[in-house]
Asks: 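Sharing a structure, written as structure tokens. Questions coming.
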There are 2 protein chains.
Amino acid sequence: MTTLASTAAVLRCFSATRSSITVTEAASLLALPKSNTSRLLRAMRDAGLLETIGESKRYRPGALLLGLGQSFRSASSLVNRADAVVARLVAAIGHTGYVSIRDGNAVSGVTYHPGSNALHVATPVGRPLPAHSCATGRSMLARMTDDQVRALFAEPWAPVSRTAPQDIAELLDRLRKVRAVGYAESHDEANRGVGAIACAVGAPETGETVSLCIAYPIATVTAAERKDIIRRLLAGARDVAALVGDAAWASQATALAPAA
Amino acid sequence: MTTLASTAAVLRCFSATRSSITVTEAASLLALPKSNTSRLLRAMRDAGLLETIGESKRYRPGALLLGLGQSFRSASSLVNRADAVVARLVAAIGHTGYVSIRDGNAVSGVTYHPGSNALHVATPVGRPLPAHSCATGRSMLARMTDDQVRALFAEPWAPVSRTAPQDIAELLDRLRKVRAVGYAESHDEANRGVGAIACAVGAPETGETVSLCIAYPIATVTAAERKDIIRRLLAGARDVAALVGDAAWASQATALAPAA
DNA sequence: CCGAGGTGTTCCACTTTATGGAACTTGAAT
DNA sequence: ATTCAAGTTCCATAAAGTGGAACACCTCGG
């Protein structure tokens with residue numbers, strides 16, 4: 001285990017449910033001796049990757065890492081524009097929205113806008129979600145070829161719920177539908193009780209792809225409201241696509257325009 | 001230079017104006033041989049810290065880091081972050097510091113750090129001051145539009161001192177200067193005999209705005225010391241802004257130094 | 001007041017990894 | 001085809017990281 005691999009492993013320990021970590025916790029999670037873990041965490045803190053909370057005992061991600069996401073956001077016009085659109089949609093709709101990116105077969109959020117409704121999806125995708133079982137993931141997978149998706153999910157997976165894709169065949173089938181309608185939808189899958197609509201947009205110049213997503217509590221959203229979310233999200237995604245020059249949306253612009 | 005230090009140094013290369021990096025750029029910025037830099041970036045990519053853009057040439061931060069930044073930005077509040085910075089400044093400078101919030105046309109302190117100098121400002125926390133006649137107030141007012149400020153101060157006020165703004169026109173004029181230099185300053189206004197420097201930072205996601213302030217006895221502070229306070233306060237405000245994603249400060253380069 | 005059980009740190013011989021100069025490959029422009 | 005810069009690989013040397021065990025430091029409860 002190189003220092004770099006251990007460092008990344010430590011960072012992967014953090015999640016929405018674990019915002020700080022101790023030497024013993026990390027040693028247990030990484031299956032490393034306490035001595036190494038102690039030195040590793042201290043070295044990471046000295047390097048600015050982590051910071052200690054009180055005097056010294058618990059570690060959490062440091063300013064360097066927290067600032068990185070922010071500076072990337074303002075440097076990437078795609079994320080920036082997508083975020084602006086999501087912010088506008090959230091203000092209009094009241095449900096939670098976020099912008100996500102894919103890393104291998106997982107997706108994680110990069111910006112987040114809590115909804116204004118009393119009941120809204122609170123915890124964003126702080127922890128990476130499996131790309132096959134969330135709307136954001138499938139919206140981005142739909143931009144790849146079937147062969148690429150097969151390569152990404154060579155191993156079978158345990159279904160996360162009854163409504164989630166059970167195997168690669170069902171996933172590919174659902175991706176075909178995503179390509180046809182322009183958006184991906186999840187219903188009570190990786191996030192239980194949560195429904196989500198997502199559209200993916202790519203910037204040809206930088207090779208980035210992001211997903212714009214609106215997530216809502218299934219119980220409170222009517223069919224009409226769902227249609228409205230889809231309409232607004234498609235329009236927003238088209239706006240972003242036009243700004244960054246995403247050919248996929250330009251060619252489908254008219255076909256995707258819903259009648260109502 | 002340990003691997004960890006090099007890793008952190010690479011991450012520090014990324015900023016609002018540099019969202020991706022090449023081997024040669026990194027080698028030049030870090031003053032490392034190309035051979036090491038080549039291996040380092042590749043190792044960081046293999047660990048998931050970076051990702052390559054096309055086939056292989058430019059590197060950018062990976063989803064692991066961007067996701068971490070996002071899910072922890074809101075984990076610690078704006079006030080806590082600002083308070084930590086003020087505490088650090090107070091320890092370094094010796095003068096009193098506090099974090100304030102605005103409520104309508106008044107501001108009040110929410111945290112307070114007494115200076116270590118024998119003669120220091122001891123303003124009670126919680127006592128509201130008129131926003132037009134203190135540095136904290138004007139630093140936050142400067143983030144609003146002139147129309148919003150006019151609406152807030154529709155009624156004329158009795159000047160609190162000869163150096164304080166006498167009317168709305170003078171206030172707006174001084175707010176313009178605050179916007180230009182990035183900090184607000186008061187001199188013998190609502191608090192007699194006291195000078196203060198303040199910077200305001202806002203969290204876009206929650207809409208909060210706070211002001212970081214250093215207050216000192218006018219009689220004991222030299223011009224050089226005042227300049228030093230301004231320099232440190234601006235740097236501290238920039239750090240907080242980078243953490244919470246305040247776009248107003250993003251245009252200026254951020255020095256996220258490791259814990260020294 | 002003392003000891004048990006937990007966490008975290010330090011020590012040290014040993015092993016793996018990183019280092020950097022030079023040679024080599026690649027790619028694109030001329 | 002030639003050139004130049006970017007990027008990678010090679011290899012002996014130097015510098016890290018490694019892990020077991022001993023040690024330090026807590027907090028409880030007897």
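Residue numbers start from 1 in every chain, and the chains themselves are labelled A, B, ... in the order their sequence lines are given, proteins ahead of strands.
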Asks: For the residue pair B:Thr111 / B:Asp83, report whether a side-chain donor-acceptor contact shorter than 3.5 Å exists.
Replies: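 A pair is found: one side chain offers a donor N or O, the other an acceptor, under 3.5 Å apart.
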
Asks: Any Lys/Arg nitrogen of B:Arg42 or B:Asp46 sitting under 4.0 Å from an Asp/Glu carboxylate oxygen of the other?
Replies: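 Salt bridge: no.
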
Asks: If I take atom CG in residue B:Leu32 and atom P in nucleotide C:dG20, what distance separates them, rounded to the nearest angstrom?
Replies: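 Distance check: B:Leu32 CG to C:dG20 P gives 7 Å.
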
Asks: Write down the distance between NZ (B:Lys34) and P (C:dT26), rounded to a whole number of angstrom.
Replies: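 The answer, rounded to whole Å, is 15 Å.
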
Asks: Would you sort out whether A:Tyr98 and A:His113 count as a ring-ring contact (aromatic ring centres under 6.0 Å, His included), showing the intermediate values?
Replies: CA-CA 6 Å; A:Tyr98 43 94; A:His113 296 271; 9.9 Å; no

Asks: Nearest whole Å is fine: how far is D:dG7 P from B:Leu41 CG?
Replies: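 Interatomic distance, CG of B:Leu41 to P of D:dG7: 9 Å.
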
Asks: Can you name the one residue among A:Lys57, A:Lys34, A:Arg58 that meets salt bridge (charged side-chain N to carboxylate O under 4.0 Å, His left out) with A:Glu25?
Replies: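 With A:Glu25 as partner, A:Lys57, A:Lys34, A:Arg58 yield a single salt bridge (charged side-chain N to carboxylate O under 4.0 Å, His left out), made by A:Arg58.
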
Asks: Could you work out how much the helix from C:dC1-D:dG30 to C:dT30-D:dA1 bends, comparing the axis of its first five pairs with that of its last five, to 10°?
Replies: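 Inter-axis angle at the termini of the helix from C:dC1-D:dG30 to C:dT30-D:dA1: 40°.
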
Asks: Could you please name the option among C:dT19, D:dA16, D:dT18 that lies closest to any side-chain atom of B:Ser6?
Replies: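 Nearest listed nucleotide: C:dT19.
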
Asks: Side chain of B:Thr24, heavy atoms from C-beta onward: which of C:dG20, D:dA6, C:dA18 has the nearest atom to it?
Replies: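 Per side-chain heavy atoms of B:Thr24, the pick is D:dA6.
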
Asks: In whole Å, I'd like the distance from the CG atom of A:Leu40 to the P atom of D:dG17.
Replies: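 Rounded to whole Å, this separation is 9 Å.
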
Asks: Between A:Ser35 and D:dG19, is there a contact of a side-chain N or O with OP1 or OP2 at under 4.0 Å?
Replies: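 For D:dG19, OP1/OP2 do not have a side-chain N/O of A:Ser35 under 4.0 Å.
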
Asks: Pairing donors with acceptors under 3.5 angstrom, does anything connect the side chains of A:Ser211 and A:Ser139?
Replies: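 The criterion, which ignores hydrogens and geometry beyond distance, is satisfied for A:Ser139 and A:Ser211.
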
Asks: Using atom CD of B:Glu25 as one end and atom P of D:dA5 as the other, report the distance to the nearest whole Å.
Replies: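 Distance, rounded to whole Å: 16 Å.
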
Asks: Among C:dT9, D:dT18, C:dG20, which is the nearest nucleotide to the side chain of B:Pro33?
Replies: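 Selected nucleotide: C:dG20.
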
Asks: For A:Leu4 and D:dT18, what is the distance between atoms CG and C1' respectively, to the nearest whole Å?
Replies: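 Roughly 17 Å, once rounded to whole Å.
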
Asks: Let me know the distance between NZ of B:Lys57 and C1' of C:dG27, rounded to the nearest Å.
Replies: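 Those two atoms, NZ and C1', are 11 Å apart.
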
Asks: Less than 3.5 Å between a donor and an acceptor, one on the side chain of A:Arg39 and one on the base of D:dG19, is that the case here?
Replies: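 Indeed there is one.
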
Asks: How many whole angstroms separate atom CG of B:Asn36 from atom P of D:dC10?
Replies: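 Answer to the nearest Å: 15 Å.
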
Asks: For A:Arg179, is there an ion pair with A:Asp146 - N to carboxylate O distance below 4.0 angstrom?
Replies: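 Looking at A:Arg179 together with A:Asp146, the answer is yes, because their closest N to O distance falls below 4.0 Å.
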
